[in-house]
J.: 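Can you read through this structure? Questions will come right after.
Computed over heavy atoms, backbone and side chain alike; hydrogens, waters and symmetry mates excluded. FYI, the numbering just counts along the sequence from 1.
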Amino acid sequence: MSERIYIFDTTLRDGEQSPGASMNLDEKMQIAQILEEMKVDIIEAGFPIASNGDFEAVSEISKNIKNSTIAGLSRAKLPDIDRAWDAVKHAASPRIHTFIATSPIHMKYKLKKNEDEVLEAIKQTVTHARNLCDNIEWSCEDAGRSNLTYLYKAIELAIECGATTINIPDTVGFTLPSEFSSIFKAVKNNVPNIDKAVLSTHTHNDLGLAVANSIAAIEEGARQVECTINGLGERAGNASLEEVVMTLKVKKDLIPYHTNIKSEYITKASRLVSSITGFSVQPNKAIVGANAFAHEAGIHQDGMLKHSGTYEIMTPESVGLIKSSLVLGKHSGKHAFSEKLKELGYDFGDNALMELFGRFKDLADKKKDVYDEDLIALAGDKSSSYNEQIKFVSLKVNAGSLEKHEAILSMIVEEDKKTMKSSGNGPVDATFNAIKELTNTNFRLKLYQVQAITAGTDAQGEVTVRLENDQLSSQAKGSDPDIIVASAKAYISALNRLIFKQSKSIMNKKSEIQIGGV
């Protein structure tokens, strides 16, 4: 029997710290539920002291998720730990995850503490956490740049004080696999009580080595891997859950370890996270990218026709991928539509389903062929559960080399229908100007990205928009056969998210509380 690797998913905490990726309570719950269906062992649901919204989300997830351990993050401060415990104590299996930096640069410039002061903080906070909860994880932030002798002392002390999991993070994505694995080997050989705790790895992808470093850590004793769906996370992201899981599955002959993850849910989880956050998955992304199982080169196609194993090291079905097929059209009924959505991983209530079915019929009237990707885009637009204060109604534009670029836009703004005619440097600019004038907003447009969902001149366009102000950002997607309409929908969706953040603040106050973390 191979040894088990525990999967610790931090999409809802570290992943949500990506600029523009914050989620509301309903969206966090959707992701938590699919992680539970995947049989993720530990779900880090958030950072409870960061905001009231984050506390509420962790608390509700703790009450509703029964088959996964629920963790809340806290700094090495007693109020943080108390707040984390208050959020996770409702869980069937709660965990407090606390951390403090151990690298010279972090201790000197961020913590402004010396080595002895950090050790004292570890002693106080881990002991306090263990008095509240039996399941304590302790992380030595920036372990990759820490002095090993000091690291041994800190880890030994954390275990003495009650830590049951020791997480060694490469917080800034600095180490090579050989360096990172040597840290785990050294810890195993030099920390006398290390056998009393589970070793964990948490890696960032600043050099593109997060997954490689996680695998290297497993080979030297790590039995928990911290990761996120689609590799979401701060800066360049975290180790990608799907890549770690499938590496262990495909290379089990050389890496004799296994997870309990139901890999058939990977694609569903990837699409849900992408839809909710507005972060598109790059086409060449491993495992879940649109091109991951696509073959265009003649030699590759010839090999695939003869035997799929010539160019595919795993089957599309093993990650829950269903190949695109033309099974729905304008004559399809609601039952077939509903069953197809379930096949693609979506399940809506009657009211939402009827609304979505109407939008599907409208799309089928515009497009000759309706692909699975088109349905995923429709479902993704619907999966957002923000209370939309602004709704798209209609758009008319003048465009072309001889026309003045103008947009006539109608929207519902706080239940009132409003119409505005605006001009701009192109139809998209004119449309965005109309939205800004109708809503009296002027957020910075930091990202505008367009891609076709399927092939053909009648394909739906998918637009990604990111808006920012001085402290907050939000990102969203919109789809429509008309790319200008898709642009308006994406901008409005991002605007709704930003308004939600300003008024109810599900996660932020980042400027007041340095979330950071491992």
J.: The test is side chain to side chain contact (heavy atoms under 4.5 Å, CB included); show your working for Val58 and Phe47 and say whether it passes.
T.: CA-CA 8 Å; Val58 177; Phe47 192 0; over 6 Å; no
J.: I'd like to know whether CG of Asp365 has more than 12 heavy-atom contacts from other residues, nucleotides or ligands below 6.0 angstrom.
T.: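 Atom CG in Asp365 is crowded, with more than 12 foreign heavy atoms closer than 6.0 Å.
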J.: Would you indicate whether Tyr6, at its atom OH, is surrounded by more than 12 heavy atoms from other residues, nucleotides or ligands within a distance under 6.0 Å?
T.: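 Atom OH in Tyr6 is not crowded, with 12 or fewer foreign heavy atoms closer than 6.0 Å.
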J.: Are any of the side-chain nitrogens in Asp54 or Lys28 under 4.0 Å away from the carboxylate oxygens of its partner?
T.: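 Looking at Asp54 and Lys28, the cut-off is met.
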J.: State, without any angle test, whether Glu226 and Thr10 hold a side-chain donor-acceptor pair at a distance under 3.5 Å.
T.: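 Short answer, no.
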J.: Yes or no on side chain to side chain contact (heavy atoms under 4.5 Å, CB included) for Asp41 and Thr69, after CA distance, side-chain angles and deciding distance?
T.: CA-CA 6 Å; Asp41 300 293; Thr69 294; over 6 Å; no
J.: How far apart are the C-alpha atoms of Leu467 and Arg444, what are their side-chain angles, what is the distance that settles it, and do they pass the side chain to side chain contact (heavy atoms under 4.5 Å, CB included) test?
T.: CA-CA 6 Å; Leu467 300 177; Arg444 292 188 299 273; over 6 Å; no
J.: Any chance you could lay out the side-chain hydrogen bond (donor to acceptor under 3.5 Å, both in side chains) test for Lys89 and Ser62, step after step, and finish with the verdict?
T.: CA-CA 7 Å; Lys89 66 184 179 183; Ser62 296; over 6 Å; no
J.: Does some side-chain heavy atom of Leu353 sit less than 4.5 Å from a side-chain heavy atom of Leu341?
T.: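 Yes. Closest side-chain heavy atoms under 4.5 Å.
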J.: Among Asp9, Asp14, Thr228, find the residue that satisfies the side-chain hydrogen bond (donor to acceptor under 3.5 Å, both in side chains) test when tested with Asn238.
T.: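 Option passing the side-chain hydrogen bond (donor to acceptor under 3.5 Å, both in side chains) with Asn238: Asp14.
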J.: Within the 3.5 Å criterion, strictly below it, is a donor on Glu234 or Ser18 matched to an acceptor on the partner's side chain?
T.: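 Not at all, the side chains of Glu234 and Ser18 share no donor-acceptor pair under 3.5 Å.
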J.: Is the Lys NZ or Arg CZ of Arg4 less than 6.0 Å from the centre of Tyr257's six-membered ring, within 45° of the axis?
T.: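 No, Arg4 does not sit over the ring of Tyr257.
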J.: Any chance you could lay out the side chain to side chain contact (heavy atoms under 4.5 Å, CB included) test for Met354 and Lys334, step after step, and finish with the verdict?
T.: CA-CA 8 Å; Met354 285 305 298; Lys334 187 181 76 170; 3.2 Å; yes
J.: Is it true that the side chains of Lys446 and Ser473 contain a donor and an acceptor less than 3.5 Å apart?
T.: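 The answer is no; no qualifying pair exists.
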J.: Does a side-chain N-to-carboxylate-O contact under 4.0 Å join Glu242 and Lys285?
T.: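 Answer for the salt bridge query: yes.
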J.: Would you mind checking if Lys268 and Glu37 are paired as a salt bridge, meaning a charged N to carboxylate O distance below 4.0 Å?
T.: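 So Glu37 pairs with Lys268 through a salt bridge.
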J.: Once the angle between the rings of Phe432 and Tyr491 is folded into 0 to 90°, is it parallel (under 30°), tilted (30 to 60°) or perpendicular (over 60°)?
T.: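 The rings of Phe432 and Tyr491 sit tilted, inter-plane angle from 30° to 60°.
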J.: Say you draw a straight line from CD1 of Ile483 to OG of Ser487; how long is it, rounded to the nearest 0.5 Å?
T.: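 So the gap between those two atoms works out to 5.5 Å.
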J.: Could you walk me through whether Glu406 and Lys404 pass salt bridge (charged side-chain N to carboxylate O under 4.0 Å, His left out), step by step?
T.: CA-CA 6 Å; Glu406 292 181 328; Lys404 181 181 180 181; 3.7 Å; yes
J.: Which atom names give the shortest non-hydrogen contact between Gly173 and Arg235, and what distance separates them?
T.: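 Between these two residues, the closest heavy atoms are N-NH2, 4.3 Å.
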